[in-house]
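Below is one structure, written out as structure tokens; the observations come after it.
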Amino acid sequence: MPELPEVETIARGLAPVLRGRRVEAVWGSGLPLHLNRPVDLRALRAVAVGRTIRRVHRRGKYLLIEVEEAGAGIVVHLGMTGRLRVQPAEAPRAPHTHVVFTLDGGGELRFADARRFGWVAAGTPLAALAVLAALGPDPLSDLDAPRLRDLLAASRAPVKAFLLDQRRVAGLGNIYVAEALFRARIHPATPARRAASRAPALLDAIRAVLEGGIARRGTTLRDYVDADGNSGDNARALLVYGRQGGPCRRCGALIRRRVDGGRATFFCPKCQRR
DNA sequence: AAAACACCCTGCCTGC
DNA sequence: TGCAGGCAGGGTGTTT
């Protein structure tokens with residue numbers, strides 16, 4: 001599932017290939033993507049066609065492709081099964097390919113997404129997109145312990161729901177939240193405001209799991225591949241996610257799985273007490 | 001106002 | 001062997 005480390009890995013893989021390339025055309029499958037919304041091809045073409053890509057980076061889980069026009073660019077959200085690759089134009093397109101940017105020099109930037117939870121949109125400028133403007137601080141660059149403490153203290157939500165809310169902290173999904181809470185020894189159902197005093201440890205844990213995920217090039221459970229089509233290696237480093245019934249690597253107790261808000265939650269009942 | 005929940009989608013896996 | 005049903009969890013819109 002593309003969370004911050006997976007999007008970062010894709011951005012790092014795409015950046016050297018895309019930088020300096022000119023977009024010549026944009027194609028769409030015609031199928032709607034996220035929330036049954038059609039892709040606004042006209043807007044994509046207006047921003048991208050004839051322009052040169054200057055920068056490829058990430059904000060939270062959003063991939064940003066900036067063009068030469070000041071601040072303008074394309075934003076891609078990978079949803080659950082989205083894939084972004086640069087491939088030769090003559091190479092066969094993967095199933096569920098929905099948006100294709102033709103590049104000068106013969107390559108194509110292709111967005112494929114089996115479940116169509118992802119989306120692609122234009123921003124003029126990117127910063128004006130409401131979804132980006134609403135994002136909370138990036139835990140690797142814009143967050144410190146006092147700020148996290150204040151954010152936690154202001155929320156009545158369970159700490160797991162707090163961390164999944166992109167308006168609070170940007171980039172965490174179900175996998176890395178489970179891992180971070182385990183490392184910080186915080187039970188997922190703990191009210192956020194009661195976890196505020198442990199903000200320093202929680203921030204350390206968040207950074208450790210995200211940096212580990214990036215170092216291992218992302219977590220591949222089933223669908224995720226990087227910009228080169230390679231799986232990530234982080235799944236073997238997971239300590240609680242998907243390990244229900246297995247022994248805790250720290251204390252040996254059996255990892256539990258429960259469902260909160262319709263989402264699977266994994267934790268060690270001994271290391272993470274309420 | 002914030003929190004809880006339903007919903008979109010497809011592929012894979014399980015159980016009958 | 002075939003098929004129904006459950007599950008995966010991103011974000012958003014609606015309800016509580």
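In what follows, chains are A, B, ... by sequence order, proteins preceding strands, each numbered from 1.
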If the cut-off is 4.0 Å, is A/His77 near the phosphate of C/dG10, judged by side-chain N/O to OP1 or OP2? no
What's the verdict on side-chain hydrogen bond (donor to acceptor under 3.5 Å, both in side chains) for A/Gln244 and A/Arg256, showing C-alpha distance, side-chain angles and the deciding distance? CA-CA 5 Å; A/Gln244 68 272 23; A/Arg256 283 204 190 140; over 6 Å; no
Any N or O donor-acceptor pair linking the side chain of A/Arg263 to the base of C/dG10 at under 3.5 Å? yes
Can you tell me the distance, in whole Å, between the CD1 atom of A/Ile10 and the C1' atom of C/dG10? 14 Å
Which one, C/dG10, B/dT10, C/dT12, comes nearest to the side chain of A/Lys61? C/dG10
Please report, rounded to the nearest Å, how far the C1' atom of B/dC5 is from the CG atom of A/Asp165. 14 Å
Kindly point out which of B/dT10, B/dA3, C/dG10 is positioned nearest to the side chain of A/Arg115? B/dT10
Do we see a donor-acceptor contact under 3.5 Å between the side chains of A/Tyr241 and A/Thr219? no
Interatomic distance where NE2 belongs to A/His34 and P belongs to B/dT10 [whole Å]: 14 Å
Does A/Arg45 make a cation-pi contact with A/Trp27 (under 6.0 Å, within 45 degrees of the axis)? no
Using a heavy-atom cut-off of 4.0 Å across all strands, would you classify A/Arg37 as base, sugar-phosphate, or nothing? sugar-phosphate
Under 4.0 Å from OP1 or OP2 of B/dG11: is there any side-chain N or O of A/His96 that close? yes
Give, for atom CG of A/Leu140 and atom CD1 of A/Ile206, the distance between the pair rounded to the nearest 0.5 Å. 9.5 Å
Taking the P atom in each of C/dG6 and B/dA6, what is the distance between them to the nearest angstrom? 14 Å
Among A/Glu179, A/Lys160, A/Glu3, exactly one meets side-chain hydrogen bond (donor to acceptor under 3.5 Å, both in side chains) together with A/Asn174. Which residue is that? A/Lys160
When rounded to whole Å, the CG to P distance for the pair A/Leu35 and B/dC7 reads 13 Å
Could you tell me how far apart A/Trp119 (CH2) and C/dG13 (P) are, to the nearest whole angstrom? 11 Å
When all nucleic acid strands are considered with a 4.0 Å heavy-atom cut-off, which category describes A/Gly173: base, sugar-phosphate, or nothing? sugar-phosphate
Quick one: is B/dC8 close enough that its OP1 or OP2 comes under 4.0 Å of any side-chain N or O from A/Arg116? no
Can you check the A/Leu221 CG to C/dG10 P distance for me, whole Å? 10 Å
Among the candidates C/dT12, B/dA4, B/dG11, find the nucleotide nearest to the side-chain atoms of A/Pro158. B/dA4
Check whether any side-chain N or O of A/Arg168 sits under 4.0 Å from OP1 or OP2 of B/dA3, and answer yes or no. yes
If only side-chain N and O atoms of A/Gln166 are considered, is one of them under 4.0 Å from the OP1 or OP2 phosphate oxygen of C/dG11? yes
Do other residues, nucleotides or ligands put more than 12 heavy atoms under 6.0 Å from A/Arg156 CZ? no
Find the distance A/Leu172:CG to C/dG11:P and express it as a whole number of Å. 10 Å
Counting any heavy atom closer than 4.0 Å, what does A/Ser155 reach on the DNA or RNA strands: base, sugar-phosphate only, or nothing? sugar-phosphate
Between A/Leu78 (CG) and B/dC8 (C1'), how many Å, whole number? 17 Å
